[in-house]
Amino acid sequence: MSDETVPALLAELAALDNPKIRAVNEKHGDDHGVNLTELRAIATRLKTRHELARELWATGDTAARLLALLICRPKSFDRADLDTMLREARTPKVHDWLVNYVVKKHPAAEDLRQSWLADPDPAVASAGWALTSDRVVKRPDGLDLAGLLDVIEAEMADAPDRLQWAMNTCLAQIGIEHPAYRARAVDIGERLNVLADYPTPPNCTSPFAPVWIAEMVRRQQA
């Protein structure tokens, strides 16, 4: 059996660090160079190891934290753990995986969504918006969609990048999933012009909300 101590795993991750991958990731604010397929293979080998996950997280190393999020047991964290971890998540990938792989599976997800949405830290608030987008799609009952659009209309244009992206995603999902609000969502997107010039590869959908909404609705109706 391979050595599964924290020092051994850190050494294994360091050996997988690819300068080319690191250079690409650094353009997006991430500071690791490990191929994520190889990282997931390590997680598959380790299976669920919650205490090991806590130790890996505590190292502060980005690749180790990504691995921790794959092998942890989400419901074994308490609400305070997740709040602390989000505030410690320095890089976009760790932030995204924490929200999507751990927080969304936790019983306190809705409580955290509401708390984070109002947080003055834009990175924390962006997690609140990411959880809100998930609810817009999966469990919209009880959400004030018109109120969310009011906030987006007032604040998205001047929001920091990560928060702006999360608010824009919510805007698009409201327009895609809720026909009664579609025209207003498109109008807000067109007036604010957020991400209109975002470089989009061929065969990918632009994140510019009016284009994104139109394409997803077209696919739904095809």
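- With a 4.5 Å cut-off on side-chain heavy atoms, I152 and N168 do not count as touching.
- Here OG of S76 is found 4.5 Å from NE2 of H50. Values are rounded to the nearest 0.5 Å.
- How far CD of E4 is from CD1 of I42: 10.5 Å, rounded to the nearest 0.5 Å.
- When each of K75, R54, R87, R73 is tested with D81 by the rule salt bridge (Lys or Arg N to Asp or Glu O under 4.0 Å), just one qualifies, namely R54.
- Taking the six-membered ring where the residue is Trp, the centroids of W212 and Y198 are separated by 6.0 Å or more.
- Side chains of L52 and L9 form a contact here, defined as non-hydrogen atoms less than 4.5 Å apart.
- To the nearest 0.5 Å, the span separating CD on E110 from NZ on K104 amounts to 13.0 Å.
- Between L10 and A64, the shortest heavy-atom distance links the atoms CD2-CB, 3.7 Å.
- Under the 4.5 Å side-chain contact rule for hydrophobic residues, F208 and I188 do not share a cluster.
- Although no hydrogens or angles enter the test, the distance criterion places a donor-acceptor pair under 3.5 Å between the side chain of D121 and the main chain of A123.
- Salt bridge annotation for E55-R49: absent, with no cationic side-chain nitrogen under 4.0 angstrom from a carboxylate oxygen.
- Atom CD of residue E38 and atom CG of residue L13 lie 10.0 Å apart, to the nearest 0.5 angstrom.
- Residue W165 is not grouped with residue V99 when hydrophobic side chains (ILVMFWY) are merged at heavy-atom distances under 4.5 angstrom, including chains of intermediate members.
- Ion pair R191/D187 flagged as a salt bridge, since at least one NZ, NE, NH1 or NH2 atom sits closer than 4.0 Å to an Asp/Glu carboxylate oxygen.
- For D17, the CG atom counts as densely surrounded, since its 6.0 Å shell holds more than 12 non-hydrogen atoms of other residues, nucleotides or ligands.
- At least one side-chain heavy atom of L66 sits under 4.5 Å from a side-chain heavy atom of V94.
- Contact between A157 and L192 at its shortest, heavy atoms only, is CB-CD2, 4.2 Å.
- Shown here for L195 and P207, the closest heavy-atom pair between the two residues is CD1-CB, 4.1 Å.
- Between the side chain of N193 and the backbone N or O of A196 there is no donor-acceptor pair closer than 3.5 Å.
- The heavy-atom pair separating H95 from S126 by the smallest distance is CE1-OG, 3.3 Å.
- Closest approach of A125 to D119, counting heavy atoms only: CB-O, 3.7 Å.
- Taking CG from D111 and CD from Q114, the interatomic distance works out to 7.0 Å, rounded to the nearest 0.5 Å.
- Side-chain contact between L69 and M85 is present, with heavy atoms from C-beta onward closer than 4.5 Å.
- Scanning all heavy atoms of the two residues, the minimum distance from H32 to L36 falls at CE1-CD2, 3.8 Å.
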Q: List the steps, then state whether side-chain contact (heavy atoms from CB on, under 4.5 Å) holds for T205 with T200.
A: CA-CA 7 Å; T205 302; T200 305; 5.9 Å; no
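- Taking 4.5 Å as the limit, every side-chain heavy atom of T169 sits out of range of all side-chain heavy atoms of Q164.
- Side-chain contact between M167 and V151: present, with at least one pair of heavy atoms (C-beta onward) separated by less than 4.5 Å.
- Under the 4.5 Å side-chain heavy-atom criterion for ILVMFWY residues, no single connected hydrophobic cluster contains both V211 and V217.
- Judged as a salt bridge (Lys or Arg N to Asp or Glu O under 4.0 Å), and not counting sequence neighbours, K47 has no contacts.
- Sorted by first and then second residue, the ring pair (Phe, Tyr, Trp, His ring centres under 6.0 Å) pairs with a member in residues 98-128 read W97-Y101; sequence neighbours excluded.
- By the 4.0 Å N-to-carboxylate-O rule, R162 lies too far from D96 to be salt-bridged with it.
- Counting heavy atoms from C-beta on, the side chains of T62 and K93 never come closer than 4.5 Å.
- A chain of hydrophobic side-chain contacts below 4.5 Å, direct or via other Ile, Leu, Val, Met, Phe, Trp or Tyr residues, connects L112 to F77.
- Between D31 and R90 a salt bridge is recorded (basic side-chain N to carboxylate O distance below 4.0 Å).
- Remark: the T84 side chain and the R79 side chain contain no N/O donor-acceptor pair separated by less than 3.5 Å.
- By the 6.0 Å contact criterion, CG on D144 is enclosed, its count of non-hydrogen atoms from other residues, nucleotides or ligands being greater than 12.
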Q: Could you go through the salt bridge (Lys or Arg N to Asp or Glu O under 4.0 Å) check for R184 and D150 one step at a time?
A: CA-CA 10 Å; R184 186 179 174 204; D150 288 343; 2.6 Å; yes
Pair up each side-chain donor or acceptor in residues 170-181 with any protein partner under 3.5 Å, not counting sequence neighbours, and list the distances.
from: H178; atom 1: NE2; to: V136; atom 2: O; distance (Å): 3.0

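- A 4.5 Å side-chain heavy-atom check between I71 and L46 finds at least one atom pair inside the cut-off.
- V34 and I21 fall into different hydrophobic clusters, where Ile, Leu, Val, Met, Phe, Trp and Tyr side chains are chained together by heavy-atom contacts under 4.5 Å.
- Taking CG of N25 as the start and OG1 of T91 as the end, the distance is 9.0 Å to the nearest 0.5 Å.
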Q: Show your working on side-chain contact (heavy atoms from CB on, under 4.5 Å) between R113 and L117 and close with a plain yes or no.
A: CA-CA 6 Å; R113 181 189 75 83; L117 204 58; 3.9 Å; yes
